[in-house]
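Only heavy atoms go into these numbers, but all of them, side chains included; no hydrogens, no water, no symmetry mates. All chains are named by letter (A, B, ...) in the order of the sequence lines, taking the proteins before the strands, and each is independently numbered beginning at 1.
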2 protein chains.
Amino acid sequence: MTAQKNAGGQGPGETEEEACREVLQILALIGDKWSILVIGQLRDRTLRFGELHRAVTGISQRMLTLTLRQLERDGLVTRTVHACVPPRVEYALTELGTTLLDSVVAFGQWAATHRKEICDNRRRYDAAHPPRKRP
Amino acid sequence: MTAQKNAGGQGPGETEEEACREVLQILALIGDKWSILVIGQLRDRTLRFGELHRAVTGISQRMLTLTLRQLERDGLVTRTVHACVPPRVEYALTELGTTLLDSVVAFGQWAATHRKEICDNRRRYDAAHPPRKRP
DNA sequence: CAGCATCCCGACAGATACTG
DNA sequence: CAGTATCTGTCGGGATGCTG
């Protein structure tokens, strides 16, 4: 099925290399510590900056801003400024953002399913490979 | 569906917080630039260290070693040393590793499908938000 | 061949202070 | 309230050199 293979396929002068890089770049998005957490918070309702800041425990103001900017840039969230005082800025998931979240959750299923197994593997490995002795 | 919710669920004294952290940690695994590339190379055959080094373009010896150690620790790949000279070390995907790859590929579908859309969004955003003027 | 040890640099996260 | 600006420390990761 070439149509399948070419879903989101390369453009005319585009190499597979380039496409691969882009995909990796997108994968990195979900590896990002904060992105998924922020998106997760926006799952079922729009939130204000401060609400997000409180909801995502541990994130700094700076990181929240940067993360939101990136998500906005990618078209995963919308940023709506209400012209009033005090300022009121609301963030919401776009449809694209929702589909991303769904996919990530699907992958999260894998992680949840194999979490224990992986942790066990780690413990076993660490037991078998003790931290260097210094005689 | 509580059974669903508890797939890979928490142990006795384990908080949801901790479980969440672990899942995030696993998600970070695939955000890692090299992990997926290495795993991808091992998709259909076992490879030697040098072969991997050549196959994964751009990776440094150091990063390849570290990546492989992490994957081995997590039980995603096996490391087999053949006692001969010159040394011969072979890496292969475990079953767990295979299921991970499958899941990642599934997510990769999402990325491939929306790649263009995201890139367009970025271009549009960058056009609308020119890099700061300094008067 | 496979891989560990060391040095080193740039990127990036956190804290803090200031502004529309 | 919702940011921006700046400084600073850390840390990932590349290059290099040495071993089993």
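Taking atom NE2 on A/His53 and atom C1' on D/dC1, their separation rounds to 13 Å, with Å as the unit. Straight-line distance from the NZ atom of A/Lys33 to the P atom of D/dT10: 16 Å, rounded to whole Å. Rounding to whole angstrom units, CZ of residue A/Arg88 and P of D/dA2 are separated by 8 Å. Atoms CG (A/Leu47) and P (D/dA2) sit 11 Å apart, rounded to a whole Å. When the P atom of C/dA2 is taken as reference, atom CG of B/Leu52 falls 9 Å away, rounded to whole Å. For B/Leu68 and C/dC4, the CG to C1' distance is 14 Å, given to the nearest whole Å. Note: CD (A/Glu51) to P (D/dG3) measures 13 Å, nearest angstrom. In this structure, CG of B/Asp32 is placed 11 Å from P of D/dG12, rounded to the nearest angstrom.
Between the B/His53 side chain and the B/Leu64 main chain, no donor and acceptor come within less than 3.5 Å of each other. Judged by distance alone, the side chain of A/Thr94 and the main-chain N or O of A/Gly75 form a donor-acceptor pair under 3.5 Å.
Of the candidate nucleotides C/dC4, C/dG14, C/dA2, C/dA2 has the atom nearest to the side chain of B/Phe49. Residue A/Arg79 places its side chain closer to D/dG3 than to any other of D/dG14, D/dA2, D/dG3. The side chain of B/Gln61 lies closest to D/dG17 when the candidates are D/dG17, D/dG14, D/dG3. Of all nucleotides listed (C/dC4, D/dG3, C/dA13), C/dA13 comes nearest to the side chain of A/Arg62. Nearest to the side-chain atoms of B/Arg48 among the listed nucleotides D/dG13, D/dA2, C/dA2 stands C/dA2. Looking at the side chain of B/Val89, the nearest of the listed nucleotides D/dG3, D/dG14, C/dA2 is C/dA2.
Using bins of under 30°, 30° to 60° and over 60° for the plane-to-plane angle, the ring pair A/His129/A/Tyr125 lands in the parallel bin.
Residue B/Asp74 forms a salt bridge (Lys or Arg N to Asp or Glu O under 4.0 Å) with just one option from A/Arg123, A/Arg122, A/Arg124, and that option is A/Arg122. When each of B/Thr78, B/Leu68, B/Thr80 is paired with B/Tyr91, the side chain to side chain contact (heavy atoms under 4.5 Å, CB included) condition holds for B/Leu68 and for no other.
Close to D/dC1, at under 4.0 Å from its OP1 or OP2, lies no side-chain N or O of A/Arg54.
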